[in-house]
There are 2 protein chains.
Amino acid sequence: MKYDPVEIFKALSNPSRLEILKFIYESGFTGTLEGGSMCCEQCSCMGDVVGKFNLAPSTISHHAKELVRCGLVRMERDGQYMRLLPNPEALEAAAEFMDKVVDSTKGK
Amino acid sequence: MKYDPVEIFKALSNPSRLEILKFIYESGFTGTLEGGSMCCEQCSCMGDVVGKFNLAPSTISHHAKELVRCGLVRMERDGQYMRLLPNPEALEAAAEFMDKVVDSTKGK
DNA sequence: ACTATAATTCGAAATACTTCGAAATATCGA
DNA sequence: TCGATATTTCGAAGTATTTCGAATTATAGT
């Protein structure tokens, strides 16, 4: 298996981290970030997240690393900036895992 | 909202608890429990879970309570036994939440 | 009422998580 | 190269989680 459901659920189980994930996903690809991103139109960078949430930069950095570790987010350097990119494949994999558990109880 | 995604993800984020959940869901409604349940054909009870996993009864009891707290499982007393019943609605709600996050990144 | 079985509560130990601030590292622009 | 900005690493404090065993509560059967 490419993604570990437990690791993904762990990443999603912290309220701050879940909000950060939502922010990254909403900003990603669609460029809906209000006021514009520091780094690009189509994604958010570390600093965008720091500006959005009431958490220390080191804390944001740590949460981002967790999101990357389990595959929910990808990161790439863009000069000084670190771009945070959604990886919906991982979220879909976790949702699929849940659907399978649901199916297992419905007699399938 | 009827179910809190963060609470559900927290419940799913522990390996033991996730296995217990899967066991409850597989046993529930379909009666596929090998060797039969202590309490009934169509579900598992606390003792079934204790027999299946290498964890102290108090630990199983604690995990079950967490699963009930977030809505993933229901519990009802049957004499000495405690029946553990899947509540797929909660799991479906969490999967739907995830799908919404995925959609938010794909331009809606 | 007593005993056995099932499950829960309680208290404690070990571990993990969340968050911060300070210091370190990376990159850009002048 | 220097100073400014962006991000990460490190160490520490407080909090939460996981697990256990012992004691307790609930119920069934005799």
Side-chain angles (χ1 to χ4, degrees), chain A residues 4 6-24 27 33 35-40 43-70 72-85, chain B residues 4 6-24 27 33 35-40 43-70 72-85:
Chain A
D4 179 352
V6 170
E7 290 308 308
I8 290 181
F9 295 139
K10 201 180 295 184
L12 299 173
S13 74
N14 176 266
S16 308
R17 202 156 48 221
L18 182 57
E19 288 308 308
I20 292 170
L21 181 89
K22 279 162 67 180
F23 178 73
I24 292 170
S27 312
L33 191 58
S37 166
M38 288 167 142
C39 65
C40 62
C43 68
S44 50
C45 70
M46 207 58 83
D48 297 325
V49 182
V50 170
K52 188 84 177 182
F53 295 92
N54 210 16
L55 291 169
S58 56
T59 303
I60 301 285
S61 180
H62 168 251
H63 283 317
K65 201 161 71 173
E66 293 297 305
L67 292 173
V68 169
R69 198 195 305 284
C70 70
L72 287 168
V73 164
R74 283 181 305 112
M75 248 169 117
E76 49 189 50
R77 183 169 279 284
D78 173 24
Q80 308 176 269
Y81 306 104
M82 276 302 206
R83 287 187 181 171
L84 297 166
L85 303 159
Chain B
D4 180 351
V6 171
E7 290 306 310
I8 290 179
F9 295 139
K10 200 179 297 184
L12 299 173
S13 73
N14 174 267
S16 308
R17 204 156 45 222
L18 182 57
E19 289 306 310
I20 292 170
L21 181 89
K22 279 162 67 180
F23 178 72
I24 293 170
S27 311
L33 191 57
S37 166
M38 287 169 141
C39 66
C40 61
C43 68
S44 50
C45 70
M46 208 55 86
D48 296 326
V49 182
V50 170
K52 190 82 178 183
F53 295 92
N54 210 15
L55 292 168
S58 57
T59 303
I60 301 285
S61 180
H62 168 251
H63 283 317
K65 201 160 72 173
E66 293 297 304
L67 293 173
V68 168
R69 198 196 306 285
C70 72
L72 286 168
V73 165
R74 286 181 306 112
M75 248 169 116
E76 49 188 51
R77 183 170 279 285
D78 173 25
Q80 306 174 271
Y81 306 105
M82 276 303 207
R83 286 186 182 171
L84 297 165
L85 303 160

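All chains are named by letter (A, B, ...) in the order of the sequence lines, taking the proteins before the strands, and each is independently numbered beginning at 1. Worth saying up front: this structure is predicted, and the values here are computed from it rather than measured.
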Parallel, tilted or perpendicular, as decided by the 30° and 60° cut-offs, for the rings of B:Phe53 and B:Phe23 | perpendicular

Item to check | Side chain to side chain, A:Ile20 and A:Leu67, heavy atoms closer than 4.5 Å | outcome: yes

Between CG of B:Leu84 and C1' of C:dA6 the distance, given in whole Å, is 12 Å

Each nucleotide of nucleotides 23-30 of chain C classed B (base within 4.0 Å of a protein heavy atom), S (only sugar-phosphate) or -, in 5' to 3' order, makes ---SBS--

Side-chain touch A:Val6/B:Leu12, heavy atoms, less than 4.5 angstrom = no

Strictly below 4.0 Å: does B:Lys65 bring a side-chain N or O up to OP1 or OP2 of C:dA7? no

Do the side chains of A:Leu21 and A:Val73 get nearer than 4.5 Å, heavy atoms only? yes

Tell me, do A:Glu66 and A:Arg17 make a side-chain contact under 4.5 Å, heavy atoms counted?
yes

Separation of C:dT9 atom P from B:Arg69 atom CZ, nearest Å, is 10 Å

Quiz item: Is the shortest heavy-atom distance from the side chain of A:Leu84 to the side chain of A:Met46 under 4.5 Å?
Solution: yes

Handout entry: B:His63 side chain reached by B:Ser16 side chain, heavy atoms, under 4.5 Å
Key = yes

B/S/- along nucleotides 16-22 of chain D (protein heavy atoms under 4.0 Å) is -SSBBB-

>> Less than 4.5 Å apart, side chain to side chain, heavy atoms only: is that true for B:Pro57 and B:Ile60?
In response: no

Whole-Å distance, B:Met82 CE to D:dT25 C1', equals 11 Å

